[in-house]
Visitor: 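My questions all concern the structure below.
Values below: all heavy atoms of this structure, side chains included; hydrogens, waters and symmetry mates excluded. This structure is a prediction, so every number in the text was calculated from the model and none was measured.
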Amino acid sequence: MKSISLLGATGSIGQQTLDIVKEHPEEFQVSALSVGKNIEKTKEIIREFKPKLVSVQLEEDALALSKEFTNIDFTFGNKGLVDVATYTDSTYLLNAVLGSVGLESTLAAIRQKKTIAIANKETLVTAGQLVMAEAEKYGAPILPVDSEHSALWQSMVGENRKSISKLILTASGGSFRDQTRDELKDVTVVEALNHPNWSMGAKITIDSATLMNKGLEVIEAAVLYDMSYDDIDVLIHRESIIHSMVEYQDTSVMAQLGTPDMRTPIQYALSYPERLPRSTAQRLDLAKIGQLHFENVDFNRFRCLGFAYEAGRTGGTILTAMNAANEAAVAAFLDGKIKFLEIEDMIERMMQQHNNIQNPDVETILHVDKETRKSVQSMIK
C-alpha cells in the first residue's frame, strides 16, 4: 500500500485524488493532508480517510480541530505544509495546492527522497531548474499529474528521449474561445468560470480562459522534459480528447487519448508503473464523438501564452514575477476588482518593469513573488 501526503485536499485536484483513494483502498492511504479554510469539508475528510496529520491555514482552526479529533496531530500555516510534505509515514507527496506556496514543501519532500506527484504547476514554473536539480541530487522521482504532461509522459514510455523532435500540447481554448477581444471587455466572472469541457477550480478555469494555464504548462514541459521552447507547440483542440502528443524524429506522433477526467492522470501518477482499473470512469467512444478539431493559437488573441514563452526563454526571476502577477490579477478579477482583459495588462506591466535575476535561490524567488504581488495590489488600488 502506498502512503500519501496530500497538499490541497479540499481543492478540485485534492478531491479527485481522494476519489481515487476511495476507489482503491487496498492500494492507497492518505497519511497526512493539508487544507485551507474549509473546515467543515476538512471534518468530513478526516472522518472518512482518518489521516494521522492534518495541516490547516489558521492556527485557531488547528486548535479547534485538535479538541474535536484528539487522536490526530494538527499543524498550520506554511510550516504545516512542510510538516505534511515530510511526514515520516508517507512515501508519496501529491502536491495539489494552488500557487507558489507549494515550493518549499515540495523541496522539503524531495530532500527526503519521496516520490513527488505534482499538480502544482507554479512550483515548476517559478523554480523549475532548482526543483529538478534537487530531484536529481536526491533521487526523488517527479511524476506529472496535469493531464497534458501525463499524456506526454505516457507517450514517451519505452521510447528513447533523444529521438523526440517536438512536444505538442493541446488546449481547449477555455470559456471564451469563440469570442473576439472586443467581446471580452465586459465578460463576467460567472461567464469566465463556465468551462466547456473540464471541471476545475476557479483560478485554473480563469487561467484556461486567458490561456495562461497553457503557458504555464509549456514552461513545465520545458522543465520536465528538458526541451527547447522552439520545440514545444500548442494546438487548440476543442474536444479535449487528445491530451497531448509527442512527435519523434521519424515523423511518428504518439498521443494519449481519453475523456476529460482528471482522475485518470492522477491515478496513473499514483499507480505507476501499474495501471489500475477505473470502474467509475466514462469510456472513450470515438464513433460517438465523430470528429476531432484542431487549430493554431492566435497569439494576438491569447496574449498570456506569448508572455509565458517570453518568460520561459528569458529564464530567471521573470518566471516568478509573471506567475505572481497572474495569480494576483486573477484573484482580483474573481473578487470583481478588475476586468478580464486587465489580467494580461497587469502581467505585461510587471514583466516590463522586472529586474531579472538568473539562477535565483529559494529566498530570492520567494522575495520576488512577494514583492510582485504587492506591486499588483498597489496597481489595483
Side-chain angles (χ1 to χ4, degrees), residues 1-25 27-35 45 49 51 53 55 81-82 84-87 89-125 127-128 131-132 134-136 138-157 200-201 204 216-217 220-221 223-225 243-244 256 258 261-276 278:
M1 181 178 290
K2 293 178 180 176
S3 180
I4 301 165
S5 285
L6 174 60
L7 298 181
T10 55
S12 176
I13 297 297
Q15 287 291 288
Q16 292 176 87
T17 300
L18 293 175
D19 288 343
I20 295 299
V21 174
K22 191 186 308 183
E23 186 171 354
H24 298 286
E27 298 284 345
F28 311 118
Q29 65 178 10
V30 178
S31 297
L33 60 85
S34 80
V35 298
I45 294 171
F49 293 92
L53 175 68
S55 175
L81 294 177
V82 175
V84 169
T86 58
Y87 188 62
D89 288 357
S90 299
T91 54
Y92 267 64
L93 168 66
L94 199 153
N95 185 344
V97 294
L98 285 175
S100 54
V101 68
L103 173 57
E104 289 181 284
S105 49
T106 298
L107 289 172
I110 286 172
R111 289 162 186 156
Q112 288 197 351
K113 303 181 180 181
K114 295 184 187 295
T115 298
I116 312 296
I118 192 156
N120 171 242
K121 54 176 55 67
E122 292 84 1
T123 290
L124 291 179
V125 168
V131 169
M132 297 307 287
E134 289 290 281
E136 183 175 359
Y138 289 94
I142 305 290
L143 309 181
V145 169
D146 273 348
S147 61
E148 294 80 2
H149 299 102
S150 179
L152 294 174
W153 175 29
Q154 293 181 59
S155 299
M156 294 177 190
V157 171
M200 305 180 291
I204 297 176
L216 299 179
E217 289 170 4
E220 275 189 285
V223 170
L224 283 168
Y225 305 116
H243 299 303
S244 279
Q256 186 265 334
D261 185 345
M262 277 303 301
R263 294 170 185 84
T264 300
I266 292 169
Q267 179 173 292
Y268 186 71
L270 293 178
S271 66
Y272 179 80
E274 304 297 328
R275 288 186 183 271
L276 299 176
R278 286 212 51 218

Visitor: The test is side-chain contact (heavy atoms from CB on, under 4.5 Å); show your working for Glu148 and Lys121 and say whether it passes.
Guide: CA-CA 12 Å; Glu148 294 80 2; Lys121 54 176 55 67; over 6 Å; no
Visitor: Say whether, by atom type as modelled, one donor and one acceptor occur between the side chain of His243 and the main chain of Gly258 under 3.5 angstrom.
Guide: yes
Visitor: Do the side chain of Gln267 and the main chain of Leu276 share a donor and acceptor less than 3.5 angstrom apart?
Guide: yes
Visitor: How far does CG of Leu93 sit from OG1 of Thr106, to the nearest 0.5 angstrom?
Guide: 5.5 Å
Visitor: Between Tyr225 and His149 (side chain of the first, backbone of the second, donor and acceptor by atom type, cut-off under 3.5 Å), is there such a pair?
Guide: yes
Visitor: Measure across Asp89 and Ser3 and return the closest heavy-atom pair with its distance rounded to 0.1 Å.
Guide: O-OG, 3.0 Å
Visitor: Can you spot which of Val145, Val30, Leu270 makes a side chain to side chain contact (heavy atoms under 4.5 Å, CB included) with Thr17?
Guide: Leu270
Visitor: Please give me the minimum heavy-atom distance between Ser34 and Gly8, naming the atom from each residue.
Guide: OG-N, 3.0 Å
Visitor: Please test Phe28 against Tyr92 for side-chain contact (heavy atoms from CB on, under 4.5 Å), starting from the C-alpha separation and ending with a verdict.
Guide: CA-CA 10 Å; Phe28 311 118; Tyr92 267 64; over 6 Å; no
Visitor: Just verifying a value: how many Å separate Phe49 CZ and Leu33 CG, rounded to the nearest 0.5 Å?
Guide: 9.5 Å
Visitor: Under the rule for ring-ring contact (aromatic ring centres under 6.0 Å, His included), what residues qualify as partners of Tyr138, not counting sequence neighbours?
Guide: none
Visitor: Strictly by salt bridge (Lys or Arg N to Asp or Glu O under 4.0 Å), give each pair with a member in residues 262-271 just once, sequence neighbours left out.
Guide: Asp19-Arg263, Asp261-Arg263
Visitor: Looking at Gln15 and Ala9, would you say the former's side chain and the latter's main chain have a donor-acceptor pair under 3.5 Å?
Guide: yes
Visitor: If you look at every heavy atom in Ala108 and Val82, which pair is closest and at what distance?
Guide: CB-CG1, 3.9 Å
Visitor: Of the non-hydrogen atoms in Ala85 and Ser105, which two are nearest, and what is the gap between them?
Guide: CB-O, 3.3 Å
Visitor: Minimum heavy-atom separation for Ala96 to Ala119, with atom names?
Guide: CA-CB, 4.3 Å
Visitor: Just by distance, do the side chain of Asp146 and the backbone of Glu217 share a donor-acceptor pair under 3.5 Å?
Guide: no
Visitor: Among pairs that include at least one residue of residues 104-114, which meet salt bridge (Lys or Arg N to Asp or Glu O under 4.0 Å), considering only residues two or more places apart or in two chains?
Guide: Arg111-Glu134
Visitor: Can you see which heavy atom on Leu152 is nearest to which on Ala221, and at what distance?
Guide: CD1-CB, 4.3 Å
Visitor: Is there a side-chain contact (heavy atoms from CB on, under 4.5 Å) between Val97 and Thr123 once you walk through the steps?
Guide: CA-CA 10 Å; Val97 294; Thr123 290; over 6 Å; no
Visitor: Nearest 0.5 angstrom please: Ile13 CD1 to Asn95 CG, how far?
Guide: 11.0 Å
Visitor: Can a donor-acceptor pair be found, under 3.5 Å and without considering hydrogens, that links the side chain of Thr86 to the backbone of Ala109?
Guide: no
Visitor: Verify side-chain contact (heavy atoms from CB on, under 4.5 Å) between Trp153 and Leu143, making sure each step is shown before the conclusion.
Guide: CA-CA 9 Å; Trp153 175 29; Leu143 309 181; 3.9 Å; yes
Visitor: Return the OG to CD distance between Ser90 and Gln29, rounded to the nearest 0.5 Å.
Guide: 8.0 Å
Visitor: Main chain of Val84, side chain of Ser5: is a donor-acceptor contact present, judged purely on distance under 3.5 Å?
Guide: yes
Visitor: Among Pro265, Ser147, Ser155, Ser244, which residue satisfies the side chain to side chain contact (heavy atoms under 4.5 Å, CB included) criterion with Gln256?
Guide: Ser155
